Student: 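Let me give you the structure first, and then I'll get to my questions.
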Amino acid sequence: MSDLDGRVGATELAPPRRTADCSSAPLIGTQRPVDNIGHRARRFADGSILVLTAAAGLLAAFDWDVPGRTLCAAVLVVLSPGWTLLRLIRAPIEVFTLVLASALSIAYAMLVTLVLATRLGWAWQASAVITAIGCIVGLTVVLLRPSDEADARSEVTVDAHVRRIPQPNQLARTAARRFVYGAIGLVVAVVGMFNTDIERIGSWGMIQAVPPYFFLGTASIVIGVLDNLRAKPRPSVAAAWVHIVALVVVFHGVVSFTQPNPRFPVAWLHVAFADHLANGGPLLQSSDARFSWPGFFTAAGYLERVAGTDTMLWALALTPMVVTVVSAAVVYDLGITLGLRRTRSTLAALIFVLTNWIAQDYFAPQAVAFLLVFVIVDLVLRNLTSTPSAPHRLSRWAGTTLAPVRPFGELGRTGTFVVVLGLSAALIISHQLSPVMLIAMLGGLAIVQRTSTYRLTLIIALAFAGWVSYAAESYWIGHADVLFGSVGDVSSIVSQNVGERSVSASETRQLVVRLRMLTMLATWFVAGACLLVLRRHNRLDRAFVVLLFAPFLPLVLQPYGGEGLLRTALFSLPAAAMLIASVDLSRFTIARPARYFVAAGLTVLTVSLVPLLMTTRYGNESYEMVTDDDLAVYEAMGEIIDEHDPTQSPPIHVFSFSQPAPLLIGRMAYYPSAQRLPRRPTRAAEVLREQLAATRDVYIVIAGSHVIEREQVDGFAPGWQDDYLAELGDLVSLEVVASTEQGSVLRVRSLTP
Amino acid sequence: MTLAADFNTISDRIGVTILLVALALLILGDLRPARWSAAWVQLSAFFTAVAVIAVRFVVMI
């Protein structure tokens with residue numbers, strides 16, 4: 001990226017000390033915090049959280065349903081405990097404080113609710129009230145205590161002689177300049193959202209439904225980000241961030257807000273898990289491996305109860321937006337930790353947002369786990385950093401350490417250890433793959449002497465192995481050969497992750513999958529080239545090398561059902577984005593006209609990433625959206641299940657072409673008996689006969705999105721389900737008990753037609 | 001309702017207790033090095049934890 005800060009150099013690493021920009025405006029004679037908000041704003045933030053927490057505790061205690069309870073509950077569960085802890089130890093209020101507070105709160109919720117679910121009879125109400133009281137007491141102490149030296153130290157001030165105050169007309173001009181692209185883009189994109197026609201979604205996915213001028217709107221917002229970052233004499237990081245948030249909202253909003261129901265059946269299934277636990281249900285470890293890492297689901301069930309809602313479906317549309325913005329904020333702070341200027345870090349956040357097609361930010365454990373991993377890495381790099389006077393050979397080869405040390409708050413080594421172990425514990429109980437990523441990253445950072453502790457890696461690795469061996473045994477008992485048989489078998493891993501992902505798919509889907517691969521490879525290639533450039537100029541922080549390559553280690557160990565490459569791409573993306581953002585291309589273009597062409601070309605490239613992302617990210621929308629017709633089919637099947645005698649075991653067996661996730665909300669007892677129908681009718685008939693011999697009631701649910709999924713993923717011809725059912729009907733007796741425009745519910749009547 | 005290992009058997013309880021003690025020793029080795037970072041303490045803690053996990057895997061497989 002060229003000339004973002006108006007300076008030329010091999011890299012855009014920040015100077016050791018931050019200085020303020022001078023402008024032509026008159027001087028002001030007071031001091032003002034740069035990174036932190038002021039005293040009044042701090043008190044306002046503390047007070048607001050205190051009030052919302054108290055309200056959440058009160059509403060949970062009496063289980064009152066009032067408007068706004070969901071917001072209060074969200075504050076109590078995902079912000080308040082961590083915020084209280086950090087404010088008690090006088091942490092400054094900066095972006096990372098907010099992110100760390102959320103991570104700590106979520107970790108607290110996961111750990112506490114796991115104990116509630118397994119040992120304490122799911123006493124969510126008592127837990128919510130006790131947590132709220134603790135937060136109220138803590139925040140009251142924070143508000144009542146006098147401001148002291150630590151608070152004063154937490155404020156980075158600007159010297160009076162460089163601080164200038166703008167004139168009113170200057171302010172208006174500046175504001176208009178800062179937000180003109182964003183405002184225009186937002187209006188155009190919102191109009192585009194209103195004119196999005198989901199009926200037009202086809203094999204290319206969401207991009208077919210969105211009007212073309214929507215992308216003019218997103219282009220204007222992206223240009224607004226770049227314009228604010230390269231504005232002279234003062235770039236505005238805050239204005240750029242307003243644009244990034246707007247971009248995320250319209251990009252994900254055009255998908256979430258235009259569809260009649262929350263999208264993605266897997267997210268519905270996670271809602272079903274959370275709802276099952278929220279109602280005091282047991283962990284179904286023998287039915288699904290995810291119950292061996294139940295932290296996310298118990299915490300989500302807890303939030304459902306505290307919010308007083310029937311399900312967590314309300315969170316599905318918001319989750320991708322919130323997770324993307326918070327992830328981008330983590331990338332931003334990590335970039336600053338690794339020595340990037342704030343403008344460069346913001347650019348890295350933008351690149352992360354525009355290249356993250358991996359779509360692991362939905363309502364799922366891995367979304368939270370991703371945040372936890374990078375919050376831990378950032379905190380360790382800030383507070384447990386190492387600056388060896390004589391680094392060993394491997395460290396020197398991997399790069400150097402240029403970033404100034406920026407310790408977070410007053411945590412110290414002990415406090416950091418405790419916080420990291422707490423976050424890691426929550427990670428270990430919540431997701432099976434992310435702890436391996438964390439271990440690889442922390443281990444790599446310790447090996448290249450970028451952090452000062454190797455024991456932390458060992459402790460987390462042992463704790464993870466301990467959890468797998470004692471608490472998640474149902475995940476691996478009987479599957480040890482599957483889990484460990486692929487170690488080092490690179491050809492099998494590549495085959496599962498690359499070749500088999502689209503081998504039998506429709507032509508369009510194969511193109512979409514190839515576009516994804518191409519995006520991933522291009523990102524890695526550019527990041528690798530930037531890494532080499534930085535290394536050549538001896539400006540490469542060795543943490544970049546570790547963060548870029550460590551996520552490949554788990555891929556070598558385990559293909560993860562063909563999804564290992566996706567996780568590797570996701571976890572290496574922050575480092576790739578930071579590397580791309582850190583190189584200043586203006587060094588290579590000397591002539592002024594050429595610089596303009598390069599800048600224009602890069603702007604066009606950045607702008608065009610949005611439609612590309614819409615294709616790669618939401619290319620499966622034809623079968624990943626949940627239509628009204630699908631829900632009507634599930635409702636018909638649900639009525640049959642609900643009317644049935646629950647004392648039968650198993651009462652009803654349900655077959656479908658894909659997992660009927662929405663059907664399972666509130667009916668998790670049927671989860672073990674909901675199975676996929678085999679692809680071949682003859683095999684399907686055999687399975688149906690076996691089930692019919694075991695239980696009286698066997699049904700087949702056919703949803704429209706399942707039919708399209710088979711067409712897209714397995715390359716079946718359009719209308720294949722009619723041939724399939726005709727052939728199946730020749731082998732077993734089928735009766736249509738309910739039907740909609742695109743789906744139906746069939747009952748298997750007898751063994752013979 | 002419990003996790004997979006219900007920790008009701010004596011061997012489970014002993015294994016988990018040893019594992020937690022070993023992890024605590026490793027943590028203390030970093031936070032209170034003056035008292036707990038002796039090589040024999042740290043190596044013993046590490047290999048004990050590894051042994052407990054390995055035995056568990058071998059037994060269950």
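Every chain is numbered from 1, with letters handed out A, B, ... down the list of sequences. Worth saying up front: this structure is predicted, and the values here are computed from it rather than measured.
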Student: Most heavy-atom pairs under 4.5 angstrom with chain A, which of B:A54, B:A45, B:G29, B:A49?
Tutor: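 The candidate making the most pairs under 4.5 Å is B:G29.
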
Student: For A:T416 and A:R382, test the side chains for any donor-to-acceptor distance below 3.5 angstrom and give the result as yes or no.
Tutor: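 There is no such pair between these side chains.
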
Student: Have A:R290 and A:H270 got a donor and an acceptor in their side chains that come within less than 3.5 Å?
Tutor: yes

Student: Given heavy-atom pairs under 4.5 angstrom as the criterion, report whether the side chain, backbone, both or neither of B:L19 touches chain A.
Tutor: side chain

Student: Which one of B:D30, B:L26, B:L31 has the most heavy-atom pairs closer than 4.5 Å to chain A?
Tutor: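 Looking at each of B:D30, B:L26, B:L31 in turn, B:D30 comes out on top.
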
Student: Considering only heavy atoms, which portion of A:L462 lies under 4.5 Å from any heavy atom of chain B: side chain, backbone, both, or neither?
Tutor: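 Contact with chain B is through both the backbone and side chain of A:L462.
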
Student: Parallel, tilted or perpendicular: which describes the rings of A:F291 and A:F297, with under 30° parallel and over 60° perpendicular?
Tutor: tilted

Student: Does the gap between the ring centers of A:F273 and A:F296 come in under 6.0 Å?
Tutor: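 Here the rings of A:F296 and A:F273 have centres that are no less than 6.0 Å from each other.
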
